[in-house]
Amino acid sequence: MPDKDTLKRIDEWIDSHKEEYVDDLAQLVAVPSTANTGVAPGEFPFGEGSAAALKTAKELAEGYGFEVENRDNFCLVAHVGKGSEKVGIFGHLDVVPCGSDWQYPPYALTRLDDGDTVIGRGVMDDKGPLWASVYAVRCLKELNLLPRRAVEIFMGGDEECGMEDIKHYKATSKELPVVSFTPDSAYPICHGEKGIMRFHFSVPNEDSNLVSFNGGTVRNVVAGHAELVLSGVSFDEAAEKLAKTERVSVQRDGENIKIAAEGASVHASTPENGINAIGIAANAALKAGLAQGGAEFALGFIARVLSDYNGKSISAPFEDEPSGKLTHVGGVIRSENGRLDLCIDVRYPVTCKGGDILAAVTEFAGKYGVSVGDVTDSAPLYIPADSALVGLCMETVGEVFPEKNWKPYTMGGGTYARNMPNAYALGAEDPDFVSPFGLFRGDIHQPDECASISQLVKTMKVYARLLLRLDEFEF
């Protein structure tokens with residue numbers, strides 16, 4: 001347990017390096033590091049943007065005296081300390097796409113007049129928190145306080161699109177850390193992550209006046225925009241019927257008409273906070289009576305699937321006591337080869353099995369002649385809330401945030417923790433955060449993503465303390 005003098009030295013070092021941290025974070029935010037889906041052949045498995053972020057981070061970390069290796073542009077691994085066992089920190093440098101609804105530049109760090117709020121893609125997910133953990137390690141290094149276990153910092157390039165980066169890390173590592181945390185969630189500590197299953201509904205669209213239906217950007221975000229094009233419908237008729245429909249506009253598209261829908265993008269783990277544009281567009285065409293032939297069936301199926309987000313509409317209403325109800329979202333829809341392809345992201349309870357979820361969904365789809373494909377499944381993570389490890393983390397967080405009454409929680413989000421032994425997510429988001437920009441703006445995965453510098457500075461203090469206290473445990 002670190003003494004009061006040690007804690008004072010840690011806090012003073014961190015406070016004195018606040019502005020340097022902000023400057024370094026600005027360099028990372030300036031890199032548009034959206035990763036491509038899947039692993040591309042060649043030098044840039046997740047695209048040049050992801051690789052550029054790894055390059056910038058490597059240069060910064062080496063400037064602190066860290067030993068850093070780039071593992072084939074999948075990830076960086078920084079090594080600090082000489083212990084035979086390792087503590088792991090797992091964060092990511094890739095970000096979700098920005099969209100077009102930003103009031104501030106997404107790839108430039110903007111600091112508001114309050115001096116504390118910074119804006120930019122990745123400031124909270126996850127460049128800001130990851131770099132807070134880097135500074136915590138740097139603090140211990142420069143104060144000669146490194147724990148007996150070595151520290152290994154993983155900086156990924158593909159967390160948002162599939163976590164192929166951590167698979168590569170595990171395949172190229174001789175030995176994994178004995179305990180790890182990821183700075184990619186909310187305080188105080190997430191002791192359970194729901195299972196994450198993704199699949200595609202392939203919906204027939206034959207003998208139909210639905211020319212195309214496209215919406216969404218990535219599978220783990222509620223679709224914020226969608227457009228469907230219909231033939232055989234007059235613009236005047238469509239405009240009149242949809243004139244009073246909220247979040248919908250009608251445009252000419254050559255001889256066809258285009259229905260555009262605006263939703264509200266949020267992370268797939270919290271669909272209750274968003275509005276799905278795909279469902280809005282499908283319902284608008286159906287209720288106005290504009291869908292003809294096979295389009296009525298196809299759009300009807302889409303509308304049914306997206307009529308709720310707790311699994312009931314896909315015949316999978318699973319739930320448990322530790323983590324609550326299953327959730328599902330339709331993140332992306334595309335039309336191709338006479339079919340609609342709808343990508344579904346499911347977050348299922350920590351005590352449930354993926355096979356049971358898939359069986360229920362497949363049976364449901366089969367009744368409509370819809371096929372289920374491209375299935376991926378990441379099993380849940382669960383650590384009992386009354387475990388000694390959770391207790392240690394709660395004590396550490398409480399020391400830095402004594403005014404808070406936070407409780408351990410489970411979540412629908414998925415982090416690197418589910419891929420490692422003795423791993424969990426801790427910080428840096430404030431669960432009581434209220435965006436200064438109102439609903440649907442300012443949070444992670446939203447336009448004008450923002451963070452509090454003071455929150456990130458306190459997070460450095462949490463992580464520095466935690467790294468020392470983890471030495472008390474034998475794993």
Side-chain angles (χ1 to χ4, degrees), residues 1-29 53-70 75-91 93 109 116 118 123 126-155 177-184 392-393 396-397 399-401 426-428 451-473:
M1 183 75 69
D3 57 35
K4 290 184 179 180
D5 180 64
T6 297
L7 296 180
K8 181 181 178 182
R9 291 173 61 203
I10 289 171
D11 290 350
E12 288 175 346
W13 187 98
I14 288 173
D15 289 338
S16 69
H17 286 76
K18 179 179 75 172
E19 294 303 322
E20 184 181 353
Y21 164 79
V22 174
D23 290 342
D24 290 351
L25 178 58
Q27 293 187 54
L28 295 169
V29 171
L54 297 180
K55 181 176 184 294
T56 299
K58 186 173 188 290
E59 291 171 353
L60 287 171
E62 287 178 336
Y64 312 148
F66 291 7
E67 176 189 340
V68 187
E69 57 175 318
N70 182 324
C75 61
L76 299 181
V77 182
H79 307 275
V80 185
K82 300 182 181 299
S84 58
E85 292 184 332
K86 298 181 292 187
V87 174
I89 302 173
F90 288 80
L93 293 163
L109 192 75
D116 188 55
V118 289
V123 291
D126 182 41
K127 292 176 179 179
L130 169 60
W131 222 248
S133 71
V134 170
Y135 261 64
V137 177
R138 180 186 173 191
C139 169
L140 298 181
K141 177 179 181 295
E142 294 188 6
L143 294 178
N144 295 314
L145 293 173
L146 285 174
R148 64 181 175 87
R149 292 187 171 105
V151 181
E152 188 160 276
I153 310 172
F154 170 95
M155 308 178 203
V178 294
V179 63
S180 304
F181 68 89
T182 176
D184 191 19
L392 176 82
C393 292
T396 306
V397 172
E399 185 176 280
V400 179
F401 292 94
L426 188 150
S452 160
I453 296 171
S454 57
Q455 173 83 3
L456 291 168
V457 168
K458 287 185 176 181
T459 291
M460 296 178 206
K461 297 175 181 180
V462 170
Y463 294 159
R465 287 162 165 75
L466 183 62
L467 288 167
L468 295 178
R469 288 177 172 152
L470 285 173
D471 268 359
E472 301 169 17
F473 274 81

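Side-chain contact between I89 and F154 is absent, with no heavy atoms from C-beta onward closer than 4.5 Å. Looking only at side-chain heavy atoms (C-beta outward), E399 and K461 stay at 4.5 Å or farther from each other.
Checking side-chain atoms of S133 against main-chain N and O of L130 turns up a donor-acceptor pair under 3.5 Å. A donor-acceptor contact shorter than 3.5 Å is absent between the side chain of D126 and the backbone of G91.
Interatomic distance, CD1 of I453 versus CG of L109, reported as 7.5 Å (0.5 Å rounding). Atoms NZ and CG, on K458 and D11 in that order, are 11.0 Å from each other to the nearest 0.5 Å. Between I10 atom CD1 and K8 atom NZ the span is 13.5 Å, to the nearest 0.5 Å. With rounding to the nearest 0.5 angstrom, the CD atom of E20 is 4.0 Å from the CZ atom of R138. Between E152 atom CD and E67 atom CD the span is 10.0 Å, to the nearest 0.5 Å. For the atom pair L456 CG and Y21 OH, the distance stands at 4.0 Å (nearest 0.5 Å).
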### Query
Do T396 and C393 pass the side-chain contact (heavy atoms from CB on, under 4.5 Å) test, and can you show the C-alpha distance, the side-chain angles, and the key distance before you say yes or no?
CA-CA 5 Å; T396 306; C393 292; 5.7 Å; no
### Query
Given the rule in the side-chain contact (heavy atoms from CB on, under 4.5 Å) test, do L470 and L392 qualify, once you have shown the distances and angles that lead to the verdict?
CA-CA 8 Å; L470 285 173; L392 176 82; 3.9 Å; yes
### Task
Please test W131 against L28 for side-chain contact (heavy atoms from CB on, under 4.5 Å), starting from the C-alpha separation and ending with a verdict.
CA-CA 9 Å; W131 222 248; L28 295 169; 3.6 Å; yes
### Message
Could you go through M155 and V134, starting from their C-alpha distance and side-chain angles, then the distance that decides it, and tell me whether this counts as side-chain contact (heavy atoms from CB on, under 4.5 Å)?
### Response
CA-CA 10 Å; M155 308 178 203; V134 170; 4.1 Å; yes
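With sequence neighbours excluded, the residues that form a side-chain contact (heavy atoms from CB on, under 4.5 Å) with D3 are D5, T6. With sequence neighbours left out, E59 forms a side-chain contact (heavy atoms from CB on, under 4.5 Å) with K55. Every side-chain contact (heavy atoms from CB on, under 4.5 Å) that S452 has, sequence neighbours left out, goes to D116, S454, Q455.
The nearest pair of heavy atoms linking A136 to A464 is CB-N, 3.7 Å. Across all their heavy atoms, T56 and Q27 have their closest contact at CG2-O, 4.1 Å. Summarising the geometry of K58 relative to V68, their closest heavy-atom pair is CE-O, 3.5 Å, with the distance given to 0.1 Å. In terms of heavy atoms, G427 sits closest to Y463 at C-OH, 3.7 Å. The minimum heavy-atom distance between P183 and P129, with the atom names listed, is O-CB, 3.1 Å. When all heavy atoms of F473 and R149 are compared, the closest pair comes out as O-NH2, 2.7 Å.
Aromatic ring centres of Y135 and Y64 lie closer together than 6.0 Å.
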